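Read the structure below first, then the notes.
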Amino acid sequence: MALVIAQVIVDVSTAAIDRPFDYHVPAQLESFIHPGIRVHIPFGPRKVQGFVISTSDETELDEKKLKPIESVVDIEPVLTAEMLELGKWLKDDTLCFYNDTLQVMIPAALRANYTKLVKVENASVLSEPFQNLLSKDLEVDFASLEKQHLIQELKVHLDTGNATIETRIRQKAKPKLQTVYHVIDASIELSGQAKKQQQVVDWILETNSKSFTIVDIQKHVQVATPVLDALVEKKILKKSKQEVYREIELLADTSIDKVVTLTEAQKEVLETINRAQQNQKSETFLLHGITGSGKTEIYLHAIEEALALGKEAIMLVPEIALTPQMVTRFKMRFGNQVAVMHSGLSVGEKYDEWRKIHRREVRVVVGARSAIFAPFENVGLLILDEEHESSYKQEDSPRYHAREVAKWRAQFANCPVILGSATPSIESYARAKKGVYILLELPSRANAKALPPVDLIDMREQLKGGNRSMFSMELIDAIRDRLAKKEQIVLFLNKRGFSSFVLCRDCGTTVQCPNCDISLTYHRMGEALRCHYCGYEELVPTQCPHCESEHIRFFGTGTQKVEEEITKLFPEARTLRMDVDTTRTKGAHERILHHFGQRQADILLGTQMIAKGLDFPEVTLVGVLNADTSLHLADFRAAEKTFQLITQVSGRAGRHEKKGHVIVQTYDPEHYALVNAQTHDYLGFYTQEMQMRKAYQYPPFYYLTHIQISHPEVITTADYAGKTAEWLRENLSQSTAVIGPTASAISRIQERYRYQCMIKYKREPNLTTALHQLLKLSRTQWEKQGVRISIDLHPSTIV
DNA sequence: AGCACGCCGACT
DNA sequence: GTCGGCGTGCTC
C-alpha cells in the first residue's frame, strides 16, 4: 500500500514556517484527508491547526521523520481548490504568509483560538488559591495561573507529573442548536393531575404535529420546558438537538422593490454584460452611471442572468452602503437565495451566512469586502458597487484589495466583473480609457429627473458679513423653507481627517494620547477622551494638565455640536443624528434610517455614513457644512475623495417627484474638485485631476509602494528608515524614485515612532524580489533591535 | 510564534 | 555546588 502524505500549511504566521510541511496520514483518516480540510497536527513540542493543501504518496524527507496527522477538524473542506490557488497568488501580491491569506478566506468563527490548559491529577496537594481556580474536571487556564503568580507551584507539579500542560484549540463560534421535540406516541394515557401535559398532548393531536420546537408550541399553549421534559420522561416525546441559523433581523420595507422597466440605456448596458456572461468572457466592465441612473437595477438583472445560466453571483458594496434598504431590495428579489455578509453581524451570524454559501443553499452573496472570498465553485458574475471606495482595501495584513481579488476570480471562473460607480476612481477610469476595462456609461437618471442644482457658498464672505456660525445665511433660509413645507433635510458633516479635541484656551495645550502622537478625540458620551488609534481612554479634564487653567474645553465641529446649533436655530425641527456614537449598538444604524424614512424626523445629520445609498423621496435639501476638511489632507487622493464625497451626498437630494437642492459650504469655492462637483462634471474633474497626477508623478502615471519603519525610539526609527531608503536606492533601478525617509503624518502610534519611505516607479520588474530581500534583511538583522517594517504594495491612503 | 536546548551569574 | 537568566535554532 502506498504511503499517504499530506502537505500542510501550519497555522503559524512566520517567515520560517511559511511553507508546506509533510505529514503522514494514518490509515483511519485516509478517506477524510482532502485539500482544503483543516487538521490538528503535532508541530515541534506543541499542537496546532493547519490546512491540507495537497496529498501525495511520496516525500523528499526521511519517512521516519514524518509525524502523523492527529485528527481532522472538518468533514467537508473549508477551502475550495480555487481558494488554495487564490491564496497562493494573494500572498505574493500582498507580501504576506500563505497562512494569512488562507485564514482571511474563512469566517472568523472558524479561526482557531489557542489556549494552554493545565490538567491536575491530585488536587489535594495544591495550595488553596490553586485549588480554587480548578474546574470540576481539575483543569485550569495557564494564563489565569500566571495572573495569580502560581507558576512556581505549577513547575513543581509538572516535574512530579501531578500536572500536565496541553494546548486546547477552540473555535470561536459553533452552529446554534435548537431543541426539537418529536412525537413518539401521543396516545399514552396521562393522569388527571397533569393538566399542562394534557394541554400539550391535546395540541399535538389537534394539529397532528410530528415535531415542534418550544417556540412553535408557545404560540398556542403556555408551557415551559419542565412540562415537555415530563412528557419526554413518559416516552410520549423525544428530544433532539437540531442546527439552526441565527435569524438576522430585518425591518421590512415592502415599498422598496417595485419592478422597474429598464430604460433604453440600461437595456443596452445590460445586454453587453449579459453577452459576456453567456460567452464566458472574463472581462472587466467599468459602469459609470450618475447617481440615480439605476445601476442597482442593472446589477439585479445581471445577477438574474447569472442565476438563469446556472451560475452564482457575488456583489460587494462598501460597508457603509450596506444599508437595510439595499439588503431588503436583494432579499425581495432573490428571497432565500441570498446570503448577506457585513460587519454589523456577530461572529456567529457571519458564520451562519457563510455556511449557507458553503452548503450551496444560496447562490447570491451581498456583502462587504471579505465577501469576495465567498466559497462558490461556479461563479458567473462579480460586482463591486461604488468601486472607488477605499473600504475595499484592507488596511492590515493581508493588505488585499477586493477589486484585484475579484478580477483574479473572474479570470479563474471565466466570467465578467462589473465595477460600478458614479465617481469612478481615477485609476479605474484611466484603465477604461486605455481599453483595459470596457467602459459602460449611464449619463442620465433613470427617471429622467434632472440632477439637483448645487450652490457653493463662500464661507469667507459669511465671516466678513459677521456670520460666525457654521451655518451660512443661505443654508439657514433653505432649511427654514423646507421645514415650513414639511420636507426633509440631510445635513452632512465632512469629518474626514477631522475631529474635535480638547484645547486649553490659556496655554494652547491640547490633550495628547500618551502612546500615540495625536490629539485625543472628545466624545460626549461618557465625557471621555479617546485615542482613535490605540483605544486609550480618559475622562475629560476639568483643569489643563499643563498650566492648571480651568479654561479648557473641547474644540472642533462634532456632530453633537452641530446638533446643538440646529436646536438653537430651529427649535421646532426634529433632528436625528447618525455618527459613531449613535450607531454603536447593534441595529442602531437601521433604526435611525427607518425612523427617518417614516418621517419621524425633519433633519438627518451625519457623517460619511449618510453619504451613500440613502433614497428618501421627501429629501429635497442636502447641506454640506464643511466641504474643505477632506480637501487639504496630506494625501494625493484628497481632491478625488472630496469630489466623490460631494457628488455622492448631492445625489441624495430630489431623487423622486420633488425637486432637490444642494448647498455646499466651503472656504475654497474655486477649487476644481468643488467646481466640477457643482456642475456634476465627472469628465471635467477627471481631466484636471489627471493633469495634476501627471505633473506630480502620482498614480495612474506612476505606481507607489509605501514602506513604514517603526521602533519605540525615535533615533533608532530614523536611523533604520535611512538604512531602508539607502538599501532601496542601491537595489532598485535608476528610473525608480525612492522618496524619504520622512516622519509619518502620525509620528507615533501605540508607543512606536513611525517613519516612511515611498517608492515611485513606472516599471520595476524586480520590485517584489527586492522587497522580499529587504524583508529578509529586516528579519535576520533588524528585528532583534525591535525594528518593524511593513510594506504596502498598492497604498490607497497615505497616512 | 513558541518552545527546548545550552551556556554564564547570585543563591540555598 | 545548583537555579535560572535569555541567546540561538528548529519545527514535517
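Residue numbers begin at 1 in each chain, while the letters A, B, ... track the order of the sequences. Not measured: the values here are computed from a predicted model.
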To the nearest 0.5 Å, atom CD1 of A:Ile106 lies from atom NE2 of A:His358 at 10.5 Å
Positions of residues 95-104 of chain A (non-hydrogen atom under 4.0 Å from DNA chain C), listed by number: none
Relative to each other, are the rings of A:Phe373 and A:Tyr400 parallel, tilted or perpendicular (30° and 60° limits)? perpendicular
Bounded by its outermost nucleotides with an atom under 4.0 Å from a heavy atom of chain A, the footprint on DNA chain B reads B:dA1 to B:dC3
Contacts under 3.5 Å, N or O only, protein and nucleotides 4-11 of chain C:
residue	atom	partner	partner atom	Å
C:dT11	O3'	A:Gly44	N	3.0

Any Lys/Arg nitrogen of [X] or [Y] sitting under 4.0 Å from an Asp/Glu carboxylate oxygen of the other?
X        : Y        : value
A:Lys119 : A:Glu139 : yes
A:Arg403 : A:Glu387 : yes
A:Lys65  : A:Asp62  : no
A:Glu404 : A:Lys407 : yes

Nearest-Å distance, CG (A:Leu3) to C1' (C:dC12)? 13 Å
Side chains of [X] and [Y]: donor-acceptor distance under 3.5 Å anywhere?
X        : Y        : answer
A:Ser790 : A:Gln708 : no
A:Gln785 : A:Thr716 : no
A:Asp11  : A:Gln103 : yes
A:Glu389 : A:Ser425 : no

Classify the nucleic acid contact of A:Leu66 as base, sugar-phosphate or nothing, counting any heavy atom under 4.0 Å across all strands shown. sugar-phosphate
